[in-house]
Amino acid sequence: MRLGPPHRPDRRLLRASAAVAAVVLASATLIAVSEQSPAVAASTCAVNYDIESQWSTGFSVDITITNNGPAISSWDLAWTFGGNQQITDLWSGVLTQSGENVSVANESYNGSIASGGNTALGFNGSYSGTDAVPAQFTLNGQVCTGGSGTTTSSSPSTTPSSTPTSTSTASSSPSPSTSASSTPTSPATGSCGSGLVLEANPASFEVGQGQTEVFGVSFNEAPSSGVPVTVAATSGDSGLTVSSGASITLDADNWNLPQPVDIAADGSSTGATTFTISAPGCTSVIVTGTETTPPSGSTAAHVTNPFSGASWYVNPNYTAEADSSAASATGTLAAQMQYVATQPTYLWLDHIGAIYGGTDNASGIGGTDRASLQAQLQAALAADTSGAPELFPIVIYDLPDRDCAALASNGELSIANSGLSYYENSYIDPIAQILSDYANTPLRVVTVIEPDSLPNLVTNQSVANCAQALSSGVYEDGIEYALDQLHAIPNVYNYVDIAHSAWLGWSSNMGPAVSLYKQVIGATTDGLSSVDGFISDTANYIPVSEPYMTAAESIDGSPVDSVQFYSYDPYIDELTYDQEMYSQLVAAGFPSTDGMLIDTSRDGWGDPNRPTAACATTTCTTTTAFVNASKIDDRPFRGDWCNQENAGIGALPQADPDSAFPNLYAYVWVKPPGESDGTYPAYQGKGDPHCDPNGTQTDGSGNTYATNSFPDSPPAGTWFPAEFQQLVQYAYPAIP
């Protein structure tokens, strides 16, 4: 029974498929075909050329092609640049460029465009002088309308700017702080010839006196052999020095895993320092660091419930995603989407590149890039003008051979390729270093630690990857290391994932799970106190409560939990599961002050089939009929997890939601509603069969069920407009 949180898919396929998905609701950036006079034949195609970002030597473009003629099975898009633009990296097409003349043919997976349909591609490029939008495009030789294009960003900035206000509250409903802008930065690059490019991200940064900063160094593709890379301060402020990472070797094993370079600031200097990254045969890469006076502040007390009385940071990248769909909607639906865009969601640090942001952290709305952890933290501070505590939620999610029993959410690290070392040194250490610089701020950093990892060791030992994860101890060691590093930062609050009631609810699973959590967390430096609590239903769909029945009641002499849907799992919802998990964890020695969280981002089930009362026993004369007519969970199988049809957003994020269970500290949206769980082979050529709407899966008894998945889903973690619309429309309670 699997979950499907975001993963790091191939960047080109991610951006292309996300753009294709984005037109399901008609992207707001598409240029409408203008009305033609009767004497002029209408064009059979339209092209929108969007300059998503632009800087002094480069630019990033997203292109949408609309087919206004008969369906086509293949295409070739052509244009002529007006300057010296050169395409350096193109996705979702096959590039031919000669001077200013460009031709892009379709890939094998995106050649067909239905009449009235769309497809998308994009590229990064370089230029000098001016970067004019091409005057004309042709598709299969036919001149297209549109092409005027837009420029979304003309000057990426490393420091977010904002003047929002933030309101604290002590009530059960949080006041989300208005999100500051957190503009992603482009990496500094240097050509090594034959298409190999040396990258450093971010290209510039600020670091306070006495603090540290980190940037990542990587290649755009695998080198033929190991390449030694050196990093040195070459001019400017002597107060900034390279404390680690001065010598790095990039090879076929780690070229795409940004290797950390740590920069230490002294306690008195100010000003800029130039760092030069050098490698044989490569143009040197320049990164600029600026030492600043750090903000004043003192370490805040570590409270029992960090959610209570705090403002909640709203991720501007998520706001942009939701607003992109709202721009294509009208009336009540548009207003509801805009409201959802103001809600706090978690930041998924689901690969090393996500720490640094930029082009290695694409989102899916037009291929735009998500911001770095540092930029998001700066934006959170800028948003918190009241001085009240500000929640900053993140997901730690990059263990080697991550999510060992699934395909949609596999990660970038492997046990066989020194994965634990990369996890600790290239992933956890940079995150902890960045977070430690914010220890003396009003931020309360709330982490969710490695969804699915420990639950897989309890139930999926027969799966080869899980057996290896268990025998190697890599999950336990990685989580222990993460908790040790993060718990040492006083304003970080750690919550460990405990799957959900349909995974660990059976006594044969819950008992061993509690023992495993005690073993792993107890092995940390501070033992069981290194966590602040636990979270269930991460990225899943289990209702908080089944309002019209209990597990023990019966209609024909058999209890509700005996029906096939529950298979004798005594916890038919998350509330009862969390209550029992809390009791068993405390009995095992965990502090009674530990809190429970429930991810309610998609457990609303407010679709038209939602019952309004328990089925009358005169109508439902068997327990099975009663359950089928009375349960609000509309799935055919509780193990269905990928982009579920008929699902809706659940309760809004809020602190202290249930007075009857005071250790339920908050409802949270860990999974940002509208970001895909995963794709499937029949649609994208790779992915997870559990995401195929035409596929099936089986339970432990050999019964077969439909996956219940939404069709045409993009890769995990990318924006899925059609599903977002359904989640908003079927929200329960309804979105205001």
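- Residues Leu585 and Tyr517 share a closest heavy-atom pair of CD2-CB, 4.4 Å.
- Salt bridge status for Arg638 with Asp569: present, with a side-chain N to carboxylate O gap under 4.0 Å.
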Quiz item: Can you list the steps and then say if Tyr422 with Tyr427 is a side chain to side chain contact (heavy atoms under 4.5 Å, CB included)?
Solution: CA-CA 7 Å; Tyr422 287 127; Tyr427 179 70; over 6 Å; no
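- Two residues are said to be in side-chain contact when any heavy atoms from C-beta on lie closer than 4.5 Å; Asp656 and Pro662 fail this criterion.
- Panel note: side chain Arg402, backbone Glu412; no donor-acceptor pair is recorded below 3.5 Å.
- Atom CG of Leu257 is separated from atom CD1 of Ile352 by 4.5 Å, given to the nearest 0.5 angstrom.
- In this structure, Trp312 has its ring center closer than 6.0 angstrom to the ring center of Phe307.
- Tyr541 and Asp677 share a donor-acceptor pair across their side chains, judged by distance under 3.5 Å alone.
- Asp350 CG to Ile394 CD1: the interatomic distance, rounded to the nearest 0.5 Å, is 12.0 Å.
- Not less than 6.0 angstrom separates the ring centroid of Tyr730 from the ring centroid of Trp605.
- Residues forming a side-chain contact (heavy atoms from CB on, under 4.5 Å) with Thr270 (at least two apart in sequence, or on another chain): Gln209, Thr293.
- Across all non-hydrogen atoms, the minimal contact from Tyr582 to Ser592 is OH-O, 2.5 Å.
- Checked by atom type and distance alone, the side chain of Ser269 never pairs as donor or acceptor with a backbone atom of Ala265 at under 3.5 Å.
- Atom-to-atom distance recorded for Ile598:CD1 and Leu575:CG is 6.0 Å, nearest 0.5 angstrom.
- For Glu546 (side chain) and Ile632 (main-chain N/O), a donor-acceptor pair under 3.5 Å exists by modelled atom type.
- Using cut-offs of 30° and 60° on the angle between ring planes, the pair Tyr318 and Trp719 is perpendicular.
- Judged by distance alone, the side chains of Thr600 and Asp603 never bring a donor and an acceptor atom under 3.5 Å apart.
- Interatomic distance, Asp537 CG to Arg602 CZ, rounded to the nearest 0.5 Å: 9.0 Å.
- Side-chain contact annotation: Thr447 with Asn494, donor-acceptor N/O pair under 3.5 Å present.
- Side chain to side chain, Gln374 and Glu213 meet the donor-acceptor criterion of an N or O pair below 3.5 Å.
- Smallest separation of non-hydrogen atoms from Thr576 and Tyr571: O-CD2, 3.7 Å.
- Under the rule for a side-chain contact (heavy atoms from CB on, under 4.5 Å), the partners of Thr292 that lie at least two apart in sequence or sit in another chain are Glu206, Thr290.
- To the nearest 0.5 Å, atom OH of residue Tyr481 and atom CG of residue Asn425 are 5.5 Å apart.
- Between Asn317 and Leu347, every side-chain heavy-atom pair lies at or beyond the 4.5 Å cut-off.
- Using modelled atom types, one finds a donor on one side chain and an acceptor on the other under 3.5 Å when comparing Ser601 with Asp599.
- Within a 6.0 Å sphere centred on OH of Tyr732, other residues, nucleotides and ligands contribute 12 heavy atoms or fewer.
- The line from CD1 of Ile735 to CG of Leu652 is 5.5 Å long, rounded to the nearest 0.5 Å.
- Taking all atoms of both residues into account, the shortest heavy-atom contact from Asp594 to Asn663 is O-ND2, 2.9 Å.
- Between Phe392 and Tyr313, the ring centre distance stays below 6.0 Å.
- Of the options Ser536, Ser501, Ser583, a side-chain contact (heavy atoms from CB on, under 4.5 Å) to Asp578 is made by Ser536 and by none of the others.
- When only modelled atom types and interatomic distance are considered, Asp497 and Thr538 share a side-chain donor-acceptor pair under 3.5 Å.
- Between Glu321 and Arg370 there is a salt bridge, since at least one side-chain N of the basic residue sits less than 4.0 Å from a carboxylate O of the acidic one.
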